[in-house]
Amino acid sequence: QVQLVESGGGLVQAGGSLRLSCAASGRTFSTNRVGWFRQAPGKEREFVAAISRSGVNTHYADSVKGRFTISRDNAKNTVYLQMDSLKPEDTAVYYCAAHPTSSVAGIATDLRDYDDWGQGTQVTVSS
């Protein structure tokens, strides 16, 4: 099992930027694929971005493509989500999730493909 702690959320105006961090401890983080998900009030949790254990592959939801960038530093056991050109509809609690995998390049976009989750960090974008 790996423990995940998100940070970096906050209140920002539309058009602004935030960088979320997901710090991991426990199981060797470099063997995990990682995803970011978000959940707005009254809505289901949805996929945002994913990165393979090696970092060579990434994938984004259409709603954030071109605005968000996922990256990882396995030496620091941390995954990042750089969010630029934020919109009010990006307002949500953001969660990171991890799952061990033997695939160096594999990614997953379904929340059911992840075992370990952080507690979430609130992102609020004002208009």
Side-chain angles (χ1 to χ4, degrees):
Q1 187 177 13
V2 62
Q3 290 75 45
L4 304 170
V5 178
E6 302 95 336
S7 61
L11 173 63
V12 64
Q13 289 187 333
S17 298
L18 284 174
R19 188 176 81 155
L20 305 184
S21 297
C22 173
S25 61
R27 182 177 67 221
T28 305
F29 193 52
S30 61
T31 62
N32 288 257
R33 61 173 181 254
V34 176
W36 282 97
F37 294 78
R38 67 187 182 186
Q39 189 166 18
K43 294 187 176 181
E44 294 186 349
R45 193 169 299 189
E46 65 176 7
F47 168 75
V48 176
I51 190 165
S52 60
R53 58 179 269 182
S54 66
V56 66
N57 273 347
T58 59
H59 186 72
Y60 300 90
D62 288 343
S63 59
V64 307
K65 200 171 296 183
R67 300 187 298 120
F68 290 12
T69 304
I70 188 171
S71 62
R72 68 189 297 162
D73 185 341
N74 284 337
K76 295 182 177 180
N77 289 339
T78 303
V79 170
Y80 305 96
L81 185 68
Q82 177 67 41
M83 306 187 296
D84 298 318
S85 302
L86 283 161
K87 304 175 181 180
E89 51 264 43
D90 294 319
T91 295
V93 177
Y94 284 71
Y95 301 89
C96 68
H99 189 86
T101 179
S102 59
S103 171
V104 173
I107 57 174
T109 62
D110 191 325
L111 57 85
R112 294 170 295 182
D113 290 328
Y114 292 90
D115 284 344
D116 300 309
W117 292 80
Q119 83 291 346
T121 185
Q122 176 71 48
V123 171
T124 303
V125 185
S126 63
S127 57

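Throughout, residue positions are numbered sequentially from 1 according to the sequence presented.
Sorted by first and then second residue, the disulfide bond (SG atoms under 2.5 Å apart) pairs involving residues 98-127 (not counting sequence neighbours) form an empty list. Residue pairs satisfying the disulfide bond (SG atoms under 2.5 Å apart) criterion with at least one member in residues 33-65, sequence neighbours excluded, are absent. Residues in residues 22-123 take part in these disulfide bond (SG atoms under 2.5 Å apart) pairs, two or more places apart or across chains: Cys22-Cys96. Evaluation of the salt bridge (Lys or Arg N to Asp or Glu O under 4.0 Å) test over residues 109-127, restricted to residues two or more places apart or in two chains, returns Arg27-Asp116, Asp110-Arg112. Screening residues 98-127 for disulfide bond (SG atoms under 2.5 Å apart), with sequence neighbours left out, gives no hits.
Every side-chain hydrogen bond (donor to acceptor under 3.5 Å, both in side chains) that Gln82 has, sequence neighbours left out, goes to Asp84. In terms of the side-chain hydrogen bond (donor to acceptor under 3.5 Å, both in side chains) criterion, Arg33 has no residue partners (sequence neighbours excluded). Shown here are the side chain to side chain contact (heavy atoms under 4.5 Å, CB included) partners of Gln39, two or more places apart in sequence or in another chain: Arg45, Tyr95. In this structure, the salt bridge (Lys or Arg N to Asp or Glu O under 4.0 Å) partners of Glu46, at least two apart in sequence or on a different chain, are Arg38. Listed by chain and number, the residues in a side-chain hydrogen bond (donor to acceptor under 3.5 Å, both in side chains) with Arg67 are Asp90 (sequence neighbours excluded). For the salt bridge (Lys or Arg N to Asp or Glu O under 4.0 Å) test, no residue two or more places apart in sequence or in another chain qualifies with Lys43. Listed by chain and residue number, nothing satisfies the ring-ring contact (aromatic ring centres under 6.0 Å, His included) test with Tyr94 (two or more places apart in sequence, or in another chain).
Proximity of the aromatic rings of Phe68 and Trp36 is defined here by a centroid distance below 6.0 angstrom, and this criterion is not met.
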